[in-house]
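Since the structure comes first, as structure tokens, the remarks are kept for the end.
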Amino acid sequence: MEKILQNQVIEAIAVILSTVKESGELRVDTIPTIVVEPPKRPEWGDFSSSVAMTLASQVRQPPLKVAELLAAGLRAQFSDLFDHVNVVPPGFLNLTLHPPRWIQVLRMIQDKGSLYGTSHIGKGKRILLEFVSANPTGPLHVGHGRGAALGQAIARLLKSSGFSVSREYYINDAGRQLQLLGRSVHARYREHWGKPSSFPEDGYHGDYIKIVAESVAKTHGQTLLDDSSDKAETLCAQLASQMLLDRIKEDLATFGVEFETWFSETSLHTAGLIQQSLDELRQKRLLIEEEGAWWFRSSQFGDEKDRVAQKQDGSYTYLAADIAYHQQKLERGFDTLINIWGADHHGYIPRMEATVQAFGFAKETLRIVLVQMVSLRRGGQKIEMSKRAGEFVTLREVIDEVGPDAAKFFFLMRRADTHLDFDLDLAKQHSSDNPVYYVQYAHARLASLFRVAQERQVRLPVIQDVDQVLLIQDEELGLIKTLAQYPLVIESSALALEPHRVTFYLQELAAQLHAYYNKNRVLPSLDPERDTGGTGENIKFGTSGNTGALNQELRYESISPDLTAARLALLRQVQTVIGNGLSLLGISAPEKM
RNA sequence: GCGCCUGUAGCUCAGUGGAUAGAGCACUUGCCUCCGGAGCAAGGGGCCACAGGUUCAAAUCCUGUCAGGCGCACCA
């Protein structure tokens with residue numbers, strides 16, 4: 001398999017490094033990781049490396065001298081790869097490839113198609129990705145939506161990087177919150193039948209509770225009025241959580257987010273797994289009794305204090321369930337567990353890290369991605385949400401308003417751990433101000449181009465058949481270099497669990513495409529007169545009009561069949577990359593808009 | 001009080017220890033006679049919160065200060 005250019009450059013430097021090491025020209029002990037990246041300014045070359053500077057202190061030579069030595073080696077041994085190699089203070093190695101080298105990027109995209117950007121760096125390692133995991137006590141709100149968008153994007157990123165990913169939703173269907181749900185629904189149920197009720201003070205106030213209660217009234221009539229309130233409330237909790245979970249599943253499905261596994265907390269209880277986990281910790285003396293309660297000794301693993309897992313009354317804390325759940329995950333044979341959590345849960349990180357260590361796994365086995373809050377804006381105004389009063393904007397409402405594509409894109413526009421301002425008006429705007437449309441439009445615009453080409457009987461060539469010289473002009477080369485970055489962007493965002501890098505990349509590529517497309521014709525003109533002039537000929541014409549003062553100079557470029565072919569072939573690869581990137585984010589790449 | 005996260009252009013935010021810190025929005029000035037203007041070009045705008053330190057090199061790492069957010073339950 002052909003290697004991407006940047007890695008070819010790294011390898012070239014590595015070869016030179018080991019030659020100078022063996023020849024004794026440089027006294028290198030350990031070869032550092034060679035960092036090669038596109039320089040900030042294009043005039044500095046195609047790639048740049050700071051390796052000489054990192055090496056300088058080790059070999060006790062001035063950086064410039066080290067760089068010169070490496071440059072000489074690269075020029076001598078890799079003249080087929082590099083057009084020229086420059087050394088610049090304070091010790092940068094600036095590398096410029098022979099332009100035709102870049103064409104292999106286009107060939108690779110053409111060959112790999114939708115697989116361009118995939119890799120095997122994951123080596124098939126198994127990852128359990130747990131996300132959303134909202135309690136089935138209400139509909140998903142926008143915050144959950146952000147977690148959902150993030151989770152599905154991370155899952156796709158990891159899969160395309162060669163990891164084996166299983167997506168899981170942990171259902172908190174046991175415990176106090178559910179009890180509270182039952183009591184809330186039961187109270188509304190009694191109200192429905194005109195009976196006195198005591199609505200729990202910290203209960204769920206949202207209107208959806210009434211809807212659930214009415215549905216219970218419909219299916220169960222007045223039968224629950226006679227039961228003991230305990231029994232009735234438990235039944236209400238069960239019915240309500242089932243209904244709400246169904247609703248959650250529906251919302252996620254319309255959002256395009258799927259899970260392999262829905263893991264029920266109750267199943268841990270009924271299978272006795274919590275007891276089992278705690279027993280195991282007891283044996284390891286990591287769970288000890290004090291003041292009648294059982295404490296998990298998380299402080300042994302860096303938590304600031306120990307935590308109660310089993311209360312004085314014998315019941316379990318939520319931590320006990322989480323301990324059992326995470327042990328479960330570990331025992332299912334995953335190499336890495338990733339949890340996506342709301343940022344307000346950050347305080348629990350140390351105790352979960354303690355948990356995995358208590359069961360003999362490295363702390364790094366667990367990776368936690370924290371997601372910060374989303375604040376919605378309409379126009380300039382912030383939309384206030386009060387969780388207390390049960391007034392929050394649901395994910396469903398946002399999807400209905402702006403569509404799933406825009407919602408996902410907006411959720412993925414920022415780093416997960418920073419607050420997100422989500423402008424609803426902007427998200428549904430059909431203009432270049434809206435980044436979703438901007439990127440999707442780039443894809444659709446190209447699709448349209450190819451359609452028109454086909455209508456006009458212009459064939460869409462493959463890279464191998466077009467004139468290379470026409471592909472490596474400055475503007476084309478700029479696009480190609482951006483396309484070449486794509487696999488590296490995917491790799492780094494997968495490893496960092498940061499899909500927003502892909503979002504940024506796509507905006508950049510789309511911008512470059514629009515600029516290119518705006519400036520350069522691709523298809524021949526329908527009016528053959530226009531194509532008879534010489535290349536780049538300037539035609540003057542007056543803007544007829546009342547003022548009549550202004551003369552515009554417009555450049556009409558004559559399009560030869562070869563040029564058309566080259567540009568079509570290039571743009572086809574641009575379209576592929578935009579499509580690949582969007583699909584990684586779970587966003588559609590439309591042919592028409 | 002302790003812990004975690006965040007302070008970068010007027011606003012919203014990018015920026016795996018590297019060169020002259022970037023993008024979008026907003027603002028100003030322009031661009032449609034042919035492939036989708038749902039687009040493009042140009043311009044102004046910055047003690048990277050502050051102060052020390054590490055380094056050949058700091059927006060980035062360390063320490064402290066200030067400001068904002070969030071956590072600190074035998075609640076989930």
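Every chain is numbered from 1, with letters handed out A, B, ... down the list of sequences.
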- Under the 3.5 Å Watson-Crick or G-U criterion, the dot-bracket string of RNA chain B, with | for inter-strand pairs: (((((((..((((....[...)))).(((((.......))))).....(((((..]....))))))))))))....

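The separation of B/G17 from B/G53, taken at their C1' atoms, amounts to 15 Å, rounded to a whole angstrom. A gap of 16 Å separates the P atoms of B/U55 and B/C62, to the nearest Å. Distance noted for atom C1' between B/A26 and B/U20: 26 Å (whole Å). Comparing the P positions of B/G18 and B/A58 gives a spacing of 11 Å, expressed to the nearest Å. One C1' atom belongs to B/A59, the other to B/U8, and the distance between them is 7 Å to the nearest Å. Look at the C1' atom in both B/C27 and B/A9: the space between them is 13 Å, to the nearest Å. Look at the C1' atom in both B/G30 and B/G15: the space between them is 31 Å, to the nearest Å. For B/C61 and B/A57, the C1' atoms lie 13 Å apart once the distance is rounded to whole Å.
Residue A/Phe504 is classed as a sugar-phosphate contact, given heavy-atom separations below 4.0 Å to backbone atoms only. Note on A/Arg176: only backbone sugar-phosphate atoms sit closer than 4.0 angstrom, heavy atoms only; bases stay farther off. Across all strands, A/Gln310 comes closer than 4.0 Å to no nucleic acid atom at all (heavy-atom distances). The residue A/Ser448 sits close to a base: some heavy atom pair falls under 4.0 Å.
Between the CG atom of A/Leu55 and the C1' atom of B/A57 there is a distance of 15 Å, rounded to whole Å. Rounded to an integer number of Å, the gap from A/Tyr437 OH to B/C25 P is 17 Å. One can place CZ of A/Phe410 at 13 Å from P of B/C13, the figure rounded to the nearest angstrom. Regarding A/Leu426, its CG atom lies at a distance of 9 Å from the P atom of B/A26, rounded to whole Å. Spacing between atom OH of A/Tyr516 and atom P of B/G37 amounts to 16 Å, rounded to whole angstrom units. Computed from coordinates, the A/Asp423 CG to B/U12 C1' distance equals 10 Å when rounded to whole Å. The separation between A/Leu412 atom CG and B/A14 atom P is 13 Å, rounded to whole Å. The separation between A/Ile368 atom CD1 and B/C70 atom C1' is 16 Å, rounded to whole Å.
The closest side-chain heavy-atom distance from A/Glu353 to A/Arg351 is not below 4.5 Å. Considering only heavy atoms from C-beta on, A/Val452 stays 4.5 Å or farther from A/Val458 through its side chain.
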Could you write out each protein N or O paired with an N or O of nucleotides 17-21 of chain B at a distance under 3.5 Å?
unit_1, atom_1, unit_2, atom_2, d
B/G18, N7, A/Ser50, OG, 3.4
B/A19, OP2, A/Lys40, NZ, 2.3
B/A19, N6, A/Ser48, OG, 2.5
B/A19, N6, A/Asn94, OD1, 3.2
B/A19, N1, A/Asn94, OD1, 3.2
B/A19, N1, A/Asn94, ND2, 3.1
B/U20, O2', A/Arg41, NH2, 2.7
B/U20, O2, A/Arg41, NH2, 2.7

Please enumerate all protein N or O atoms sitting under 3.5 Å from an N or O of nucleotides 40-43 of chain B, with distances to 0.1 Å.
unit_1, atom_1, unit_2, atom_2, d
B/C40, OP1, A/Tyr438, OH, 2.3
B/C40, O4', A/Asn518, ND2, 3.0
B/C40, O2', A/Asn518, ND2, 3.2

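Residue A/Lys311 places no side-chain N or O under 4.0 Å from the OP1 or OP2 atom of B/A73.
For A/Ser119 and A/Glu491, the side-chain atoms include no donor-acceptor pair closer than 3.5 Å. A side-chain N or O of A/Gln440 and one of A/Asp405 form a donor-acceptor pair less than 3.5 Å apart. Remark: the A/Asn94 side chain and the A/Ser48 side chain contain an N/O donor-acceptor pair separated by less than 3.5 Å. Side-chain atoms of A/Arg176 and A/Tyr318 form no donor-acceptor pair, as typed in the model, at a separation below 3.5 Å.
Heavy-atom distances to RNA chain B give each of A/Met373 and A/Lys305 a nearest nucleotide, and the one nearer the 5′ end belongs to A/Met373. Between A/Gln507 and A/Ala444, the residue anchored closer to the 5' end of RNA chain B is A/Gln507, taking for each the nucleotide with the nearest heavy atom.
For A/His500, the listed nucleotide lying nearest its side chain is B/G15; candidates were B/C75, B/C72, B/G15. Nearest nucleotide to the side chain of A/Asp421, out of B/U12, B/C74, B/G69: B/U12. Proximity note for A/Arg415 (side chain, C-beta onward) versus B/C70, B/C75, B/U6: the nearest is B/U6. With distances taken from any side-chain atom of A/His346 to the nucleotides B/C70, B/C35, B/C72, the minimum falls on B/C70. The listed nucleotides are B/G15, B/A14, B/G37; the one nearest the side chain of A/Tyr441 is B/G37. Minimum atom distance to the side chain of A/His419 is reached by B/C13, of the listed B/C72, B/C13, B/U16. Among the nucleotides B/C35, B/C75, B/G3, the one closest to any side-chain atom of A/Val452 is B/C35.
Rounded to the nearest 0.5 Å, atoms CD1 (A/Ile209) and CZ (A/Arg183) are 12.5 Å apart.
Applying the 6.0 Å contact sphere to NZ of A/Lys481 captures more than 12 heavy atoms from other residues, nucleotides or ligands. Applying the 6.0 Å contact sphere to CG of A/Asp313 captures more than 12 heavy atoms from other residues, nucleotides or ligands. A 6.0 Å sphere centred on NZ of A/Lys428 holds more than 12 heavy atoms belonging to other residues, nucleotides or ligands. Under a cut-off of 6.0 angstrom, the local environment of CZ in A/Arg27 is sparse, with at most 12 non-hydrogen atoms contributed by other residues, nucleotides or ligands. More than 12 heavy atoms of other shown residues, nucleotides or ligands fall within 6.0 angstrom of atom CD in A/Glu475.
Ring orientation note: the planes of A/His345 and A/Trp341 are tilted relative to one another, at an angle of 30° to 60°. In this pair, A/Tyr325 and A/Tyr170 present their aromatic rings parallel. The plane angle is below 30°, not in the 30 to 60° band.
Contact of A/His345 with B/G71 (side chain to base): no donor-acceptor pair of N or O atoms is detected under 3.5 Å.
Ring-base stacking between A/Tyr517 and B/C35 is satisfied, the centre separation being under 5.5 Å and the plane angle under 30°.
Salt bridge A/Glu289/A/Arg282: absent, no basic N to carboxylate O contact under 4.0 Å.
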